[in-house]
*Asks:* 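Submitted below is the structure of interest, expressed as structure tokens.
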Protein chains: 2
Amino acid sequence: MLTKKGKYGLKAMVHLAAREPGEPSLVSEIAEANNIPKKFLDTILGELRNAGFVNSKKGKGGGYTLARSAHLIRVGHIIRILDGPLAPIQCASKTSYRRCDDCTDERHCGVRILMLEAREALATVLDNRTLAEMRAAAQDDELILSYVI
Amino acid sequence: MLTKKGKYGLKAMVHLAAREPGEPSLVSEIAEANNIPKKFLDTILGELRNAGFVNSKKGKGGGYTLARSAHLIRVGHIIRILDGPLAPIQCASKTSYRRCDDCTDERHCGVRILMLEAREALATVLDNRTLAEMRAAAQDDELILSYVI
DNA sequence: CCCCATCCTCACGATTCAATAGGAATTGCT
DNA sequence: AGCAATTCCTATTGAATCGTGAGGATGGGG
Ligand code: FES
Ligand code: FES
């Protein structure tokens with residue numbers, strides 16, 4: 001599940017990607033534009049900053065900007081920071097693997113094999129889409145149709 | 001995330017699929033073999049029974065059996081019963097759609113478009129794998145290698 | 001009638017999620 | 001220096017969900 005934290009974070013990143021690079025956006029501005037509780041977004045952007053996805057500047061004229069070009073930011077990375085590993089189960093995660101206590105033979109565990117496949121499918125989508133592509137898809141009407149059909 | 005409920009349920013179903021059709025398995029037997037808390041598995045199998053995936057028989061000689069052949073049971077369906085919709089976010093779900101309160105224009109929402117894709121990828125994997133295939137993959141060594149590589 | 005095993009409902013502690021509160025720190029402007 | 005704007009930090013709260021356990025009701029087999 002994508003939590004609200006992840007959802008809000010993604011929306012905020014899209015918002016930032018829509019800006020001229022270097023033009024900072026205020027938290028309050030992003031919050032209002034996307035119907036996100038301001039204080040909540042505050043902490044979310046803090047995490048994104050600690051993770052190096054955005055830069056921030058305090059005081060008057062401050063705000064948040066993308067740390068890199070939107071073409072270089074993969075959506076999967078953002079989600080991992082905010083919501084944790086993509087894999088549906090820990091034993092199938094590549095970035096933060098952990099063994100299952102209840103499974104004796106991991107290599108013959110049907111659940112794990114299935115979830116490895118699921119994780120792969122998910123990662124293929126999320127790690128190949130960049131923030132720029134995500135924003136483009138949201139603006140372009142034709143692209144939307146191709147998804148819906 | 002696949003919860004423990006989903007995981008235990010899948011493991012139990014695999015266990016049942018390994019039986020001769022018609023041979024019932026006891027809850028206690030499945031629980032022991034897979035290191036699942038018996039009482040928890042009890043309720044899980046109850047839900048699977050209400051959903052029509054397994055049949056049950058009380059009393060001596062009773063237990064659980066698959067309601068249909070393992071070839072006809074899709075893994076995605078089991079997960080949906082136990083853990084809810086596959087889609088990472090409600091507005092991207094086909095089986096239990098719900099609108100997002102905070103998004104004004106759903107058709108131009110980048111998050112939703114992305115998650116539609118993610119849901120599709122996940123469903124392609126989980127709705128095409130049957131219980132029988134899952135069990136086979138767990139037994140067969142060669143198949144495992146092809147996944148790992 | 002007596003086992004046996006499923007069935008049902010409730011209840012609990014722990015964890016996570018979503019949001020809020022309150023203020024400290026930093027920057028720009030005058 | 002002083003003020004206003006804005007990020008930054010930490011803690012707390014309330015609600016929901018998760019994982020599990022207790023106790024007993026129900027019903028079939030012999
Ligand atoms: S090893 Fe993780 S589910 Fe079996
Ligand atoms: S419509 Fe659901 S995330 Fe925007």
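The analysis underlying the following values was restricted to heavy atoms, covering all of them including side chains, and did not include hydrogens, waters or symmetry mates. Per chain, numbering begins at 1; letters A, B, ... match sequence-line order. None of these values were measured; they are calculated from a predicted model.
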*Asks:* Quick one: does any side-chain atom of B:D83 pair with a main-chain N or O of B:I79 as donor and acceptor, under 3.5 Å?
*Replies:*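 Between the backbone of B:I79 and the side chain of B:D83 there is no qualifying donor-acceptor contact (under 3.5 Å).
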*Asks:* Which pairs with one or both residues in residues 38-52 of chain B pass salt bridge (charged side-chain N to carboxylate O under 4.0 Å, His left out), sequence neighbours excluded?
*Replies:*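 Output for this query lists B:K5-B:E47.
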*Asks:* Tell me: CD1 of A:I44 to P of C:dT20, nearest whole Å?
*Replies:*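 Result: 12 Å.
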*Asks:* Show the nearest heavy-atom pair for residues B:A12 and B:L45, with the distance to one decimal.
*Replies:*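 The answer is CB-CD2, 4.4 Å.
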*Asks:* Go through A:D105 and A:H108 one step at a time and tell me if the side chain to side chain contact (heavy atoms under 4.5 Å, CB included) criterion holds.
*Replies:* CA-CA 6 Å; A:D105 187 359; A:H108 289 78; 2.8 Å; yes
*Asks:* State, to 0.1 Å, how close B:K7 and A:C103 come at their nearest heavy-atom pair, and which atoms those are.
*Replies:*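 The answer is CE-SG, 4.5 Å.
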*Asks:* Output every pair passing side-chain hydrogen bond (donor to acceptor under 3.5 Å, both in side chains) with a member in residues 24-33 of chain A, not counting sequence neighbours, ordered by first then second residue.
*Replies:*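 For residues 24-33 of chain A, and leaving out neighbouring residues, the side-chain hydrogen bond (donor to acceptor under 3.5 Å, both in side chains) pairs sorted by first residue read A:H15-A:E29, A:R19-A:E29.
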*Asks:* Looking only at heavy atoms, what is the nearest atom pair of A:R135 and A:A17, with distance?
*Replies:*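 In terms of heavy atoms, the two residues are closest at NE-O, 3.6 Å.
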*Asks:* For A:Y8, check ring pair (Phe, Tyr, Trp, His ring centres under 6.0 Å) against everything at least two apart and list the hits.
*Replies:*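 Result, ring pair (Phe, Tyr, Trp, His ring centres under 6.0 Å) vs A:Y8: A:F40.
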*Asks:* Could you state the atom-to-atom distance from CG of B:N50 to P of C:dC8 in whole Å?
*Replies:*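 Value for this atom pair: 6 Å.
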*Asks:* Restricting both atoms to N or O, compile the protein contacts to nucleotides 25-30 of chain D shorter than 3.5 Å, with distance only.
*Replies:*
residue, atom, partner, partner atom, Å
D:dT26, O2, B:K58, NZ, 3.4
D:dG27, O4', B:K58, NZ, 3.4
D:dG27, N2, B:G59, N, 3.4

*Asks:* Kindly give the heavy-atom pair with the smallest separation between B:V27 and B:L41, and that separation in Å.
*Replies:*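 The pair with the smallest heavy-atom distance is O-CD2, 3.8 Å.
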*Asks:* Can you pull every protein N or O that's under 3.5 Å from an N or O on nucleotides 12-17 of chain C?
*Replies:*
none

*Asks:* Of B:L2, B:T3, B:L48, which meets side-chain contact (heavy atoms from CB on, under 4.5 Å) against B:L82?
*Replies:*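 Between B:L82 and the candidates, side-chain contact (heavy atoms from CB on, under 4.5 Å) is satisfied uniquely by B:L48.
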*Asks:* Show me the donor-acceptor pairs, under 3.5 Å and distance only, between side chains in residues 61-75 of chain A and residues at least two apart or in other chains.
*Replies:*
residue, atom, partner, partner atom, Å
A:R68, NH1, A:L72, O, 3.2
A:S69, OG, A:H71, N, 3.2
A:R74, NE, A:D127, O, 3.4

*Asks:* What is the distance, rounded to the nearest whole Å, between atom CG of A:L48 and atom C1' of D:dC8?
*Replies:*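 Rounded to whole Å, this separation is 14 Å.
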*Asks:* Holding to side-chain contact (heavy atoms from CB on, under 4.5 Å), I want the full list of residues that pass it with A:I81, two or more places apart in sequence or in another chain.
*Replies:*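 Only A:A51, A:F53 meet the side-chain contact (heavy atoms from CB on, under 4.5 Å) criterion with A:I81.
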*Asks:* For DNA chain D, which residues of residues 97-106 of chain B approach it to below 4.0 angstrom with any heavy atom?
*Replies:*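 Here the set is empty: none.
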*Asks:* Looking only at heavy atoms, what is the nearest atom pair of A:A121 and B:V125, with distance?
*Replies:*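 Shortest heavy-atom separation between A:A121 and B:V125 comes out as CB-CG2, 3.7 Å.
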*Asks:* Is the phosphate of D:dC8 approached by A:R49 (side-chain N or O, under 4.0 Å from OP1 or OP2)?
*Replies:*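 For D:dC8, OP1 or OP2 has a side-chain N or O of A:R49 closer than 4.0 Å.
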*Asks:* Any residue in residues 5-29 of chain B with a heavy atom nearer than 4.0 angstrom to DNA chain C? Just list them by number, or reply none.
*Replies:*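 The answer is B:L26, B:V27.
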*Asks:* Side-chain atoms of residues 85-94 of chain B: list all donor-acceptor pairs with protein atoms under 3.5 Å, sequence neighbours left out, distances to 0.1 Å.
*Replies:*
residue, atom, partner, partner atom, Å
B:S93, OG, B:T95, N, 3.3
B:S93, OG, B:S96, N, 2.9
B:K94, NZ, B:E120, OE1, 3.4

*Asks:* From CG of B:L82 over to P of D:dT17, roughly how many Å is that when rounded to an integer?
*Replies:*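 Distance check: B:L82 CG to D:dT17 P gives 16 Å.
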*Asks:* Sequence neighbours excluded, which residues qualify as salt bridge (charged side-chain N to carboxylate O under 4.0 Å, His left out) partners of A:K11?
*Replies:*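 Scan of A:K11 (salt bridge (charged side-chain N to carboxylate O under 4.0 Å, His left out), adjacent residues dropped) gives B:D102.
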*Asks:* Which parts of residues 35-43 of chain B get close to DNA chain D, meaning a heavy atom less than 4.0 angstrom away?
*Replies:*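 B:P37, B:K39, B:F40, in order of number.
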